[in-house]
Every structure is written in structure tokens, then in C-alpha cells.
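All values derive from a computational prediction rather than experimental measurement.
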Amino acid sequence: MSDDQLDAVRFLLLDGANVDADGSHHALAAYSTDVEFLKAAAARLGDLVTSLRLEATAAEQAEHLVAKYPDMDITAEQCSDLYALRTMPHPRLDAYEGGDDVTELTPNVVAWLIEFHGGYHGSAILPSLHLDTRDTGVSGDHLRCLLHDYGIQTGRLTEGDDGPFFVPSHREGVVSVPKKGIDQLRDVFGIDITPAEDQRNHVVA
């Protein structure tokens, strides 16, 4: 498995991909309504991919939800087609049961985390980057510890008697990276983030 493929595996696990442990080696299954996202992941994974196909139509999704929640009025127009990407079993995947088993970060993985799960809060002068891990495959605590392993400060801006300061974020599932941590992301991973120019609240250059 190449470094590029392993980066894609790590990100998909952090993003919420499932691990299939039934075979001789573990395999991944990633589900998304964004087929272009899965196509991009498949391009990175290369020959590890065994299939990328439509898993359920919007109508089937609606039918499933109505059966599960009979009191809700759900139509196909409110749902989207669901796609699935699957990989072949591979011994390098045996180390993973889920996102909390990812123990290394790389520039690619951090850039993708910011792109897909990052958002800015505060001003351009004193920004705070929030990485929202809710509905992903990794806990906020694990991601926070991973960042600390690389010397990246996390915390949230708090007003005190002597002015604002940063304390560890206790908002479950959200990892807050203050201005100092943003600078450290640039120094450690070479990621230049420019919130003042960001129309979508997160830019990775």
C-alpha cells in the first residue's frame, strides 16, 4: 500500500468509513450521497478499490426511512441517492477498527479534515478553526490528542478579567484550534490557512 493510498484510508476512517472484519483481512466500505467525493477517494485508493456503485436510490432511501420512522412524512424528493465505495481486504487495514485507531496525521489528511469538517469562528485577526467530528468516525477527544501529539494547540476563546484567553474546548465532538494552533498547522504540516479570504469559512492553500 502506497503512502498516498494510506492517506486516503486514514481520512476515510476519520470521516466515518466502516471496517469489514469478516474476511481474512480487514476491508473498508465508505458510504456517501456525494458520488464525486467517493470518485476522488477511489482515484487515491487506486487498485485497492473493488467497487464504487449505487447502493440505494433516493426512493429506496425514503422507503427505508418511512419504515423506520412511520410517523414521519418522508418523500424521495427529500432524500438523495446513496453510493458505496468498497476496498479489497488488505493486511495494512488490520490495524484499524475505526477512526479512533488512526494514530498518524499527514499534510493530506489534515488538509482534507479542514476542507470537509473545518469552519472558522471569530475574527480574521484572531480566528479559531473548529473541526467538527460529529457524525464522523473519530471522537473529538481522539482528534484533539492526535493534534497534541504533533504539538498543535487546541482550545476555545474565553473572555477573562484580563482579556481573552484559550481553554480546552468541552463542546463534545468539536475540536477548536486557536490562532497559535493554526500557525502550528502551517509550521508542522505546511498548510497555509487564510480565513480572511475564505468565502466558505475554510480554505486550504
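Val9 places none of its side-chain heavy atoms less than 4.5 Å from the side chain of Leu12. A 4.5 Å side-chain heavy-atom check between Leu129 and Leu185 finds at least one atom pair inside the cut-off. Within the 4.5 Å cutoff, the side chain of Val188 has heavy atoms near those of the Ile152 side chain. Residues Thr33 and Asp81 have side chains not in contact (no heavy-atom distance under 4.5 Å, counting atoms from C-beta outward).
Shown here for Leu52 and Ala42, the closest heavy-atom pair between the two residues is CD2-CB, 4.3 Å. Here the shortest heavy-atom pairing between Val138 and Gly99 reads CG2-O, 4.1 Å. Scanning all heavy atoms of the two residues, the minimum distance from Ala58 to Ala76 falls at CB-O, 3.6 Å. Closest of all the heavy-atom pairs between Val174 and Arg144 is O-NH2, 3.3 Å. Across every non-hydrogen atom of Leu45 and Gln5, the tightest pair is O-NE2, 2.6 Å. Summarising the geometry of Leu38 relative to Ala84, their closest heavy-atom pair is CD1-N, 4.1 Å, with the distance given to 0.1 Å.
Summarising the geometry, atom CD1 belonging to Ile74 is positioned 4.5 Å from atom CG belonging to Leu65; distances are rounded to the nearest 0.5 Å. Here Leu93 contributes atom CG and Leu6 contributes atom CG; the two are 8.5 Å apart, rounded to the nearest 0.5 Å. Here Met88 contributes atom CE and Leu48 contributes atom CG; the two are 6.0 Å apart, rounded to the nearest 0.5 Å. The CG atom of Leu28 sits 9.5 Å away from the OH atom of Tyr96 when rounded to the nearest 0.5 Å. Note that CD of Glu63 is 14.5 Å distant from NZ of Lys68, once rounded to the nearest 0.5 Å. From His90, atom NE2 reaches atom OG of Ser24 across 11.0 Å, with rounding to the nearest 0.5 Å.
Using modelled atom types and a 3.5 Å distance limit, the side chains of Asp132 and His117 yield no donor-acceptor pair.
Comment: Glu55 engages Arg86 in a salt bridge, judged by a side-chain N to carboxylate O separation of less than 4.0 angstrom. Using a 4.0 Å cut-off between charged nitrogen and carboxylate oxygen, Lys180 and Asp183 do not count as a salt-bridge pair.
No continuous path of hydrophobic side-chain contacts links Tyr31 to Leu13 [ILVMFWY only; heavy atoms under 4.5 Å]. Transitive grouping of hydrophobic side chains (ILVMFWY, heavy atoms separated by less than 4.5 Å) brings Tyr150 and Trp112 into a common cluster. Linking ILVMFWY residues whenever their side-chain heavy atoms come closer than 4.5 Å, directly or via other members, leaves Val49 and Leu82 in distinct clusters.
Within the 3.5 Å criterion, the main-chain N or O of Asp34 finds a donor-acceptor partner in the side chain of Ser32. One N or O on the side chain of Asp100 and one on the backbone of Ser139 form a donor-acceptor pair closer than 3.5 Å. When atom types are taken as modelled, the side chain of Thr154 and the backbone of Val175 share no donor-acceptor pair closer than 3.5 angstrom. Within the 3.5 Å criterion, the main-chain N or O of Gln153 finds a donor-acceptor partner in the side chain of Gln184. Between the side chain of Asp94 and the main chain of His26, a donor-acceptor pair closer than 3.5 Å is present. Asp101 places a side-chain N or O within donor-acceptor distance of the main-chain N or O of Glu97, the cut-off being under 3.5 Å. For Thr133 (side chain) and Thr136 (main-chain N/O), no donor-acceptor pair under 3.5 Å exists by modelled atom type. The main-chain N or O of Leu143 is never found under 3.5 Å from a side-chain atom of His148 such that the two would form a donor-acceptor pair.
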Note to self: With side-chain contact (heavy atoms from CB on, under 4.5 Å) as the criterion, how do Asp7 and Asp3 come out once you've worked through the C-alpha distance, each side chain's angles and the decisive distance to 0.1 Å?
What the structure shows: CA-CA 6 Å; Asp7 276 354; Asp3 290 343; 5.6 Å; no
Check: Do Glu104 and Val109 pass the side-chain contact (heavy atoms from CB on, under 4.5 Å) test, and can you show the C-alpha distance, the side-chain angles, and the key distance before you say yes or no?
Finding: CA-CA 9 Å; Glu104 294 182 50; Val109 173; over 6 Å; no
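Checked against the 6.0 Å centroid criterion, the rings of Tyr83 and Phe37 do not qualify as a close aromatic pair.
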